[in-house]
Amino acid sequence: MHGTIETSTAETDKAARLRAAREEAYATPLKDFHPGAPRHFRDDTLWPWFERLRAEEPVHYCTNAPIEPYWSVVKYNDIMHVDTSHQIFSSDSTLGGISIRDAPPGYDWPSFIAMDEPRHSAQRKTVSPMFTPDHLDELAVLIRARTRKVLDGLPRGETFNFVDRVSIELTTQMLATLFDFPFEQRRKLTRWSDVATALPKSGVVESEQQRRDELNECAATFAGLWNERVNSEPRNDLLSMMAHHDATRYMDRDNLMGNLLLLIVGGNDTTRNTMTGSVLALNENPDQFAKLRADPKLIDTMVPEVIRWQTPLAHMRRTALQDTELGGKTIKKGDRVVMWYVSGNRDEEVIERPNEFIIDRKRPKIHLSFGFGIHRCVGMRLAELQLRIVWEEMLDRFDRIEVVGEPKRVYSSFVKGYESLPVRIS
Ligand code: HEM
């Protein structure tokens, strides 16, 4: 799928960028490491930093960064330990929540991903009927019909942004269905998801005030929908499910906002970025694309592989509830502990040839991208379903989906994804 002049130039640039990053990562003293610097993610130069940490200091304390000190846990088994020890490592938003930086005051809305037991499970249970196998079978029919429509509307032989025309469009349509949100206003969901996760310098919003205004609009819109659902018969959408379950019916406004943003971001950014990542991965690995073409049944193992390869949420953070030992280090009560899924997914001690994209791995589902333990992604089967359907339908229609320029990556060490990916279909 390569061969255009743009792509080979881009490849040279990429190789040079990676070489420079490797030199920098190996010349920097470990005490100065800040693996969560968003620039590594925007430039796709994170790899040598984590490679060195895995080899030399797999549990690392960063005190030398413009953000508060944090531990990095970078090996697969250590991440698994933290993720499954929720009695020791808390997700509670009042302690700082689930991403590397504490949520700024006024933005620490409680959501069940940022709660500990027993509240977490009680609230999670209210939405889990959305993701049962039977309900997913029902959704599959709708997802396929919409996917076909979106793909049939794409231009041929012309460059367009895959992120906007396919990944965002399909995941936003899905989200509108999950909430039973006014379909024609669905792009508001995309916007709120972007605004909620954007870093100050990322260019998504011009000011804190703008961010506040937009999220207030989100809160007001959903408050209206909530009132409508609370006062009508139970229906099969996420809002109605929460409105008609005791554990969530009486949530305060902040908790409602927290859960909404969780579901909007969870259902939006992650699947969207994996969809885009799948096109990029298959372009960068034409032998794997040829394998897939020859045997489309490999979509079943390609999907979990691309979720590993992309790791659309690069990390989850916890806060230590007590002093504890990990990797020969003492983590103190109150410390921030970041589980770098993106690094665990490249741990050569657990995953064979982890830096290669291989669509027919024997055990493709052992990746960490959905987390483990009590917070393991509740929407994972839906995400896999969407990715499977989009590839079944793309293989049916297109000979090639050619990447014709560099992807523009998101400036964030939390959401690992793309702003744009120029492609051409033939
Ligand atoms: C939780 C990843 C798609 C909704 C999570 C967690 C991760 C994750 C890493 C936290 C796990 C932990 O802390 O141990 C992903 C990835 C996806 C994806 C990689 C796609 C490729 C979705 C979708 C939805 C969703 C489609 C919903 C529509 C949620 C929710 C939680 C969650 C509600 C919180 C679960 C809890 O706290 O119990 N996801 N997710 N995710 N995800 Fe996903």
Side-chain angles (χ1 to χ4, degrees), residues 73 79-86 89-93 97-99 110-131 135-136 139 143 167 170-179 181 189 193 197 237-239 241-242 247-248 258-278 303-319 337-342 344-345 365 367-390 414-417:
V73 181
I79 292 170
M80 194 70 110
H81 168 74
V82 174
D83 223 350
T84 52
S85 307
H86 60 270
F89 300 101
S90 165
S91 301
D92 197 323
S93 57
I98 50 135
S99 77
S111 67
F112 63 87
I113 200 172
M115 280 177 197
D116 293 336
E117 299 304 12
R119 269 177 91 208
H120 156 262
S121 286
Q123 296 205 358
R124 173 180 168 120
K125 268 196 208 112
T126 66
V127 295
S128 49
M130 179 59 81
F131 308 101
H135 194 233
L136 291 184
L139 284 177
I143 295 174
S167 309
L170 285 177
T171 45
T172 305
Q173 289 191 7
M174 188 70 256
L175 211 53
T177 305
L178 296 184
F179 281 116
F181 187 85
L189 297 171
S193 175
T197 53
D237 64 77
L238 290 170
L239 268 177
M241 284 174 185
M242 288 194 280
T248 36
N259 281 345
L260 290 171
L261 287 178
L262 162 61
L263 290 157
I264 294 174
V265 174
N268 206 357
D269 283 4
T270 51
T271 315
R272 173 215 299 192
N273 287 320
T274 311
M275 227 173 246
T276 308
S278 65
V303 165
E305 172 65 351
V306 87
I307 294 171
R308 178 191 76 88
W309 187 88
Q310 180 60 34
T311 319
L313 292 178
H315 75 258
M316 280 283 153
R317 167 261 174 101
R318 301 289 187 257
T319 307
V337 180
V338 176
M339 301 176 281
W340 290 107
Y341 297 140
V342 74
N345 276 341
K365 292 200 173 187
H367 65 74
L368 294 167
S369 302
F370 291 125
F372 272 93
I374 59 168
H375 290 280
R376 186 163 167 81
C377 179
V378 74
M380 55 189 266
R381 298 280 173 253
L382 174 60
E384 290 173 340
L385 179 69
Q386 285 182 276
L387 290 158
R388 178 163 65 72
I389 291 179
V390 84
F414 186 57
V415 172
K416 182 169 166 290

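Counting starts at 1 for both ligands and their atoms, following the listed order. Computation of the quantities below employed the complete heavy-atom set of this structure, encompassing side-chain atoms and omitting hydrogens, waters and symmetry-equivalent molecules.
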_Residue selection (non-hydrogen contact nearest atom 19 (C) of ligand 1) among G277, P312, G379_ = P312

*Can you spot which of L263, V415, N273, T172 makes a side chain to side chain contact (heavy atoms under 4.5 Å, CB included) with N268?*
T172

*Donor-acceptor pair, S193 side chain versus L189 backbone, under 3.5 Å?*
no

*asked:* Below a 4.0 angstrom heavy-atom separation, can you tell me which part of Y341, side chain or backbone, both or neither, approaches ligand 1?
replied: side chain

*asked:* Under a 4.0 angstrom heavy-atom cut-off, which atoms of ligand 1 come close to L178?
replied: 28 (C)

*Can you find a non-hydrogen atom of I374 under 4.0 Å from ligand 1?*
yes

*Could an N or O of ligand 1 be found under 3.5 Å from any N or O of R318, whether backbone or side chain?*
yes

_Region of C377 engaging ligand 1 - heavy atom pairs below 4.0 Å_ = both

*asked:* Could you check whether any side-chain N or O of T276 sits under 3.5 Å from a backbone N or O of R272, counting only pairs where one atom can act as donor and the other as acceptor?
replied: yes

*Are K365 and M380 side-chain neighbours, meaning at least one heavy-atom pair lies under 4.5 Å?*
no

*Should the proximity of T311 to ligand 1, defined as any heavy atom under 4.0 Å, be assigned to the side chain, the backbone, both, or neither?*
neither

*Purely on distance, is any nitrogen or oxygen of H375 under 3.5 Å from one on ligand 1?*
yes

*asked:* Is there a ring pair (Phe, Tyr, Trp, His ring centres under 6.0 Å) between F414 and H315? Walk through the geometry before answering.
replied: CA-CA 6 Å; F414 186 57; H315 75 258; 5.0 Å; yes

*Check each heavy atom of I113 against ligand 1 and say whether those closer than 4.0 Å belong to the side chain, the backbone, both or neither.*
both

_For G371, atoms of ligand 1 separated by under 4.0 Å from a heavy atom_ = 9 (C), 11 (C), 14 (O)

*E305 side chain to W309 main-chain N or O, any donor-acceptor pair under 3.5 Å?*
no

_Which residue and heavy atom of the protein sit nearest atom 2 (C) of ligand 1, plus the separation_ = S369 O, 3.4 Å

_How far is atom 18 (C) of ligand 1 from the closest protein heavy atom, and which atom is that?_
T270 OG1, 3.3 Å

*Say whether, by atom type as modelled, one donor and one acceptor occur between the side chain of Q310 and the main chain of K416 under 3.5 angstrom.*
yes

*Just say parallel, tilted or perpendicular for the rings of H375 and H120, cut-offs at 30° and 60°.*
tilted

*Which of the listed options, F89, F372, F370, F179, holds the heavy atom that is closest to atom 16 (C) of ligand 1?*
F370

*asked:* Residue-level breakdown please: for H120 versus ligand 1, do any non-hydrogen atoms fall below 4.0 Å on the side chain, on the backbone, on both, or on neither?
replied: side chain

*Between S369 and N345, is any side-chain donor less than 3.5 angstrom from a side-chain acceptor?*
yes

_Under 4.0 Å to a heavy atom of T274 - the qualifying atoms of ligand 1, by number_ = 21 (C)

_To check your reading of the model: name the closest protein heavy atom to atom 14 (O) of ligand 1, its residue, and the distance in Å._
D83 OD1, 3.0 Å

_Just verifying a value: how many Å separate R388 CZ and I143 CD1, rounded to the nearest 0.5 Å?_
9.5 Å

*Output the list of atoms in ligand 1 that are nearer than 4.0 Å to some heavy atom of L263, sorted by atom number.*
33 (C)

*asked:* I want to check something: taking the side chain as every heavy atom from C-beta on, are L239 and L260 in contact at a cut-off of under 4.5 Å?
replied: yes

*From atom 23 (C) of ligand 1, work out which of S91, G266, S111 has a heavy atom at the shortest distance.*
G266

*Check each heavy atom of M339 against ligand 1 and say whether those closer than 4.0 Å belong to the side chain, the backbone, both or neither.*
neither

_Is it the case that the side chain of T248 and the backbone of M242 share a donor-acceptor pair, with hydrogens and angles ignored and the cut-off at 3.5 Å?_
yes

*Measure the CG-CD1 distance between L261 and I113 for me, rounded to the nearest 0.5 Å.*
12.0 Å

*Nearest protein heavy-atom contact for atom 30 (C) of ligand 1: which residue, which atom, what distance?*
V378 CG1, 3.6 Å

*What about R124: any of its N or O atoms under 3.5 Å from an N or O on ligand 1?*
yes

*Short list, please: which atoms of ligand 1 are under 4.0 Å from a heavy atom of A383?*
3 (C), 20 (C), 21 (C)

*Any Lys/Arg nitrogen of R318 or D83 sitting under 4.0 Å from an Asp/Glu carboxylate oxygen of the other?*
yes

*Does at least one non-hydrogen atom of M380 fall below 4.0 angstrom from an atom of ligand 1?*
no

